[in-house]
> 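Take a look at the following structure, please.
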Amino acid sequence: MPPVRVLHFIDAALTWDQRVALNQLLDRLPEHEFEQHVASLGPRSTEGNLVDHRGVVIANRLRLDFLAAPELRRTLVRRRIDLVHAWGQSATRVTLTAAEGVARVVSSVFEPTVAHKYAKLLQAGRSAQPPVLLCATEIVRRCLLERGVGADTLVLLRPGVDFAAVNRTRASDLRSELGLSPTTLALLSIPAPCKDQARFSAFWATAVRSFLDPDIRLLLPGETRETSRLQRLAGALRQTHVPLFLGDRYRTEELIATADILLAPSGDDRSTTELAWAMGAGVAIIATATHSAAELLAHGHSAFLIKPDSPKRLAMRVAEALGHRHEWRSLTDTARAQAYDMFSVRRCIDQTRTIYRNLLNGQPAENGLLGPAVA
């Protein structure tokens, strides 16, 4: 039997969790079963450049996505693609037009805040073979259901945490490369793809806590407008020694494995991949009790969860939570054990493989899936 030809189609908004999931598929799907290709909508983003596979570029002239559909369709026909896996809203939009009658379509959705946009895409592009959306969390799946997306096109597929990669990072010299001593308390705050003041709360909490714990640092990866704002704020407060602005020099999953605590005081539901990797790395978590966080974590059991509030009040609650160090070991041990059960890379790859096969064989996407994918 010839291998299934899969095209992974990414766009400029590719996020780190999408990039991690895509690289896992490129690396681990059996080569005798799947022939994998990569294409990008226009030039690759920073995360796209970290995808472990060379690919073709589909031009989106004048930055109008719909103009890319004919070229993508020609690519699908020329390479005899059986299935397109779209990563991102724009990539999905173009794929729905280009793949009609040519290839089956799946798309991975990580962020609850974009669920309504995916629902609109599906409602605008009705077809005989609707795409299947792989939902990273139950809250994503629920948001899509509430917006009229059919349950038979939604599959809960939790992300995979590479525990071997986590252990390699923790054994590496990355902490010393970042200027962190063995006694430094390293906090991490990851930027959100949508507007969110979580990093403001994280910085404010760290600045307050630094008066009690001088050897404390906040790792701030990414290049955003918010980054510039935080740099100005650190200067105004004379706290420039507290934040470490890292830009795009390091992979997010490596920084998670290097940190001592992940701060996620977000006011909205967000992708939980950062929580999954922190759990797997034995990193303590302080997060707001949003629906997505509460789906994985329990306060006092596997994390510190705080009630959503204004950014400054959240900062004060985070600063207070940072003082409960005596409880961290118990929380991280519980979270790590839970991560082994929920976020196995092998299970994630096997489930994706089953979903691909089901679609191409005309079966429901969830046929034969066991475990968290159908929880």
Side-chain angles (χ1 to χ4, degrees), residues 16-17 20 161-163 165-192 198-224 226-227 230-231 233-234 237 239-266 273-288 293 297 302-304 306 314-315 317-333 335-336 339:
W16 79 271
D17 41 10
V20 167
V161 174
D162 189 337
F163 294 97
V166 166
N167 292 334
R168 285 195 300 270
T169 300
R170 294 187 74 82
S172 72
D173 296 326
L174 184 53
R175 277 186 70 97
S176 59
E177 183 180 330
L178 294 170
L180 306 174
S181 74
T183 59
T184 300
L185 181 61
L187 316 182
L188 173 65
S189 179
I190 298 171
R199 301 230 290 178
F200 169 81
S201 297
F203 168 74
W204 196 267
T206 309
V208 169
R209 193 69 200 180
S210 68
F211 292 104
L212 296 175
D213 298 311
D215 194 13
I216 188 172
R217 298 292 181 269
L218 176 64
L219 310 182
L220 293 168
E223 294 283 357
T224 64
E226 182 190 36
T227 303
L230 292 176
Q231 286 175 327
L233 182 58
L237 296 176
Q239 292 284 326
T240 54
H241 62 287
V242 171
L244 295 179
F245 297 99
L246 303 176
D248 297 318
R249 296 192 298 275
Y250 303 95
R251 294 193 174 198
T252 302
E253 62 273 25
E254 293 174 336
L255 293 175
I256 293 175
T258 301
D260 298 304
I261 303 176
L262 175 69
L263 302 183
S266 177
T273 307
E274 62 187 85
L275 303 181
W277 277 77
M279 293 167 69
V283 172
I285 299 170
I286 300 175
T288 41
L297 304 167
S302 54
F304 275 98
I306 53 182
L314 279 177
R317 290 175 180 171
V318 170
E320 181 183 356
L322 287 171
H324 292 263
R325 298 192 193 184
H326 59 285
E327 300 180 37
W328 293 349
R329 182 62 181 269
S330 173
L331 299 181
T332 55
D333 286 348
R336 188 171 174 83

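Model, not experiment: these values are computed from the prediction. As a basis for the values below, the full set of heavy atoms in this structure was taken, side chains included, without hydrogen atoms, waters or symmetry mates.
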> Can you name the nearest heavy-atom pair linking Leu178 to Leu244, along with the distance?
O-CD1, 3.7 Å

> Please indicate whether Glu320 has more than 12 foreign heavy atoms, meaning atoms of other residues, nucleotides or ligands, lying under 6.0 Å from its CD.
no

> Check Arg209 against Gly323 and note the closest heavy-atom contact, atom names and distance.
NH2-CA, 3.5 Å

> Using modelled atom types only, decide if a donor and an acceptor are shared between the side chain of Thr288 and the backbone of Ser266 within a distance under 3.5 Å.
yes

> When you compare the side chain of Trp16 with that of Glu253, does any pair of heavy atoms fall below 4.5 Å?
yes

> If I take atom CG from residue Leu314 and atom CH2 from residue Trp204, how far apart are they, to the nearest 0.5 angstrom?
13.5 Å

> Does Ser176 have any side chain to side chain donor-acceptor pair (under 3.5 Å) partners at least two apart in sequence or in another chain, and if so, which?
none

> For the residue pair Ala202 and Leu263, what are the closest heavy atoms and their distance?
CB-CD1, 3.9 Å

> Verify the distance criterion only: is there a donor paired with an acceptor across the side chains of Ser181 and Thr184 at less than 3.5 Å?
yes

> Please give me the minimum heavy-atom distance between Leu219 and Leu188, naming the atom from each residue.
O-CD1, 3.5 Å

> Using 0.5 Å steps for rounding, measure from the CZ atom of Arg317 to the CZ atom of Phe304.
14.5 Å

> Does any non-hydrogen side-chain atom of Ser189 lie less than 4.5 Å from one of Leu218?
yes

> If you round to the nearest 0.5 Å, how far is CD1 of Ile216 from CG of Leu187?
4.5 Å

> Taking all non-hydrogen atoms of both residues, which atom of Gly222 and which atom of Thr227 are closest, and how far apart?
O-OG1, 3.4 Å

> Can you find a heavy atom in the side chain of Thr258 that is under 4.5 Å from one in the side chain of Tyr250?
no

> Could you tell me the separation between the CG atom of Asp17 and the OG1 atom of Thr252, rounded to the nearest 0.5 Å?
8.5 Å

> Is the closest side-chain heavy-atom distance between Ile261 and Trp328 below 4.5 Å?
yes

> For the atom pair CG (Leu255) and CZ (Arg175), what is the distance rounded to the nearest 0.5 Å?
11.5 Å

> Taking only residues two or more places apart in sequence or in another chain, which ones pass side chain to side chain donor-acceptor pair (under 3.5 Å) with Arg217?
none

> Roughly how far, to the nearest 0.5 Å, is CG of Leu233 from OG1 of Thr240?
11.5 Å

> Which heavy atom of Ala278 sits nearest a heavy atom of Leu262, and at what distance?
CB-CD2, 3.8 Å

> When you measure from the side chain of Arg170 to the backbone N and O of Ala257, does any donor-acceptor pair fall under 3.5 Å?
yes

> How about Ile256 and Ile190: do any of their side-chain heavy atoms sit closer than 4.5 Å?
yes

